[in-house]
Amino acid sequence: MAEEQEFKVAVLGCNGIGRLVSTVVRMAGYKIKQMRPDQVELLSCGRLAVKEPEHMELLEKYPLLVIDGCRPHCASFMADELGRQPAARIYVADVMAESKLNVAGEKRRGLTEKGEKLVEAVAQKAVEEIDRVVADEMLSTL
Amino acid sequence: MADKVCLQPCLGLRKEAVLCRQAFYVVHEEMRPDQTVLGCGPALNANVQEDLDFIEMYPVMAVEACDLDCATKLVDKKGKKVARTVRVTDLAEELSVDLDGLPEGENIDTDHPAVRAMADRIAAMVDEMLAA
């Protein structure tokens with residue numbers, strides 16, 4: 001029965017522009033989609049900020065993973081504003097601390113190998129959360 | 001007369017949005033560093049003071065990846081009106097940029113000719129806005 005249902009996670013990264021982590025979050029989003037193409041719907045902060053109906057439907061339909069880049073936690077703010085409790089949250093600084101990565105000298109316009117390692121670490125953490133959330137959803141139907 | 005323009009991108013994930021974002025970096029970091037600020041949509045939505053100040057203090061140029069015009073609407077949501085809304089698709093047509101040739105789901109290098117062409121045009125628009 002379970003395989004007949006659609007188990008996906010909506011991923012809301014902040015996708016800002018001002019900081020290096022903005023680029024890390026955006027690139028991690030692309031990587032997450034590559035790693036779990038059938039389990040992920042990438043959400044756009046811009047569309048949700050103006051409550052675009054198609055994105056609002058995705059937000060309502062699937063459990064939500066939020067990825068915050070910097071201290072204001074703008075993606076979390078957006079989820080709260082829209083009344084959606086995330087099933088999981090990732091904060092890039094936490095991943096950086098856990099993975100002991102150093103991205104000093106990286107630029108927001110384009111990452112080198114150093115920045116890509118943090119992207120990889122964020123994406124890896126995200127797919128672990130996605131797999132957990134999907135498993136939880138699936139088991140709840142059995 | 002304003003001395004800076006707030007560049008407000010849509011910040012979506014499609015290639016048109018990435019093209020806009022990369023062109024904004026070129027304009028802000030290389031071409032018009034003292035005449036522009038970069039407005040961050042999620043931060044503006046979250047009422048980060050710096051981004052609220054940007055739309056309060058400076059005329060806003062919103063560059064949109066599609067006809068949903070999310071950046072323009074977000075500025076509206078915060079009680080301000082953008083001075084100018086431009087769509088990447090219109091700029092691409094004007095500049096003969098082949099959007100079909102750009103990659104989807106990855107970064108676009110700031111040295112890419114399409115980014116450079118967009119940046120040149122946006123910088124010219126900044127100059128027009130500051131001269132108005």
Side-chain angles (χ1 to χ4, degrees), chain A residues 11-35 37 40-56 66-82 106-112 115-116 119, chain B residues 6-18 20-30 37-52 54 62-78 103-112 115 119:
Chain A
V11 176
L12 176 61
C14 65
N15 296 321
I17 192 170
R19 297 184 181 279
L20 173 65
V21 284
S22 312
T23 303
V24 170
V25 171
R26 178 168 57 95
M27 299 309 295
Y30 296 142
K31 177 82 75 180
I32 292 161
K33 182 66 177 170
Q34 286 171 10
M35 293 167 82
V40 166
E41 290 283 353
L42 290 181
L43 300 180
S44 157
C45 256
R47 290 185 179 205
L48 286 178
V50 298
K51 298 186 178 177
E52 188 264 322
E54 191 180 310
H55 258 49
M56 289 299 290
V66 158
I67 307 176
D68 287 310
C70 60
R71 283 181 184 171
H73 292 77
C74 299
S76 286
F77 180 97
M78 190 164 291
D80 292 345
E81 182 183 42
L82 296 170
E106 285 292 277
K107 293 186 166 47
R108 58 190 179 180
R109 61 167 57 192
L111 305 173
T112 68
E116 290 293 342
V119 169
Chain B
C6 174
L7 302 175
Q8 196 76 41
C10 86
L11 296 179
L13 292 160
R14 57 203 296 178
K15 59 186 171 185
E16 292 86 351
V18 177
C20 161
R21 171 197 298 263
Q22 297 300 87
F24 273 10
Y25 285 143
V26 172
V27 173
H28 178 61
E29 294 175 359
E30 298 176 23
V37 292
L38 286 182
C40 181
L44 178 60
N45 186 66
N47 301 316
V48 171
Q49 192 59 50
E50 179 182 55
D51 290 86
L52 292 171
F54 285 167
V63 180
E64 308 284 3
C66 70
D67 59 9
L68 291 172
D69 292 342
C70 296
T72 301
K73 290 176 184 169
L74 176 58
V75 174
D76 280 352
K77 179 179 168 182
K78 296 298 173 182
E104 194 73 78
E106 58 185 82
N107 209 23
I108 302 172
D109 196 282
T110 48
D111 287 331
H112 192 290
V115 174

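Numbered from 1 within each chain, the chains take letters A, B, ... in sequence-line order.
Note: Arg26(A) leads Lys31(A), His73(A), Arg26(A), Gln34(A) in heavy-atom pairs under 4.5 Å with chain B. For chain B, the option among Lys33(A), Lys107(A), Met78(A) with the highest count of heavy-atom pairs below 4.5 Å is Met78(A). Interface summary for chain B: among Ser44(A), Gly16(A), Gly46(A), Ser76(A), the most heavy-atom pairs under 4.5 angstrom belong to Gly16(A). In terms of heavy-atom pairs under 4.5 Å with chain A, the best-connected choice from Leu74(B), Leu13(B), Asp51(B) is Leu13(B). Highest contact tally toward chain B, considering only Gly13(A), Ala49(A), Cys45(A), Gly110(A), is held by Ala49(A) [criterion: heavy-atom pairs under 4.5 Å]. Contact tally against chain A (heavy-atom pairs below 4.5 Å) for Lys73(B), Glu29(B), Gln22(B): the top residue is Glu29(B).
Across every non-hydrogen atom of Ala75(A) and Val66(A), the tightest pair is CB-CG1, 3.7 Å. Summarising the geometry of Ala17(B) relative to Gly12(B), their closest heavy-atom pair is CB-O, 3.4 Å, with the distance given to 0.1 Å. Listed here is the closest heavy atom pair of Glu104(B) and Arg14(B): OE2-CA, 3.1 Å. Nearest heavy atom pair, residue Leu38(B) against residue Phe54(B), reads O-CE1, 3.4 Å. Shortest non-hydrogen contact noted between Ile17(A) and Arg108(A) is O-CD, 3.9 Å. Looking at every heavy atom in both residues, His55(A) comes nearest to Leu42(A) through NE2-O, 4.1 Å.
For chain B, the nearby part of Leu43(A) is the backbone; its heavy atoms alone come within less than 4.5 Å.
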Mind running side chain to side chain contact (heavy atoms under 4.5 Å, CB included) on Asp109(B) and Val115(B) for me, showing each step along the way? CA-CA 8 Å; Asp109(B) 196 282; Val115(B) 174; over 6 Å; no
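Checked against side chain to side chain donor-acceptor pair (under 3.5 Å), Asn45(B) has the following partners two or more places apart in sequence or in another chain: Glu81(A), Lys77(B).
Close approach to chain A, defined as a heavy atom under 4.5 Å from one of its heavy atoms, is seen in Cys66(B), Leu68(B), Cys70(B) of residues 64-72 of chain B, taken by number.
Atoms CG and SG, from Asn15(A) and Cys74(A) in turn, are 11.0 Å apart once rounded to the nearest 0.5 Å.
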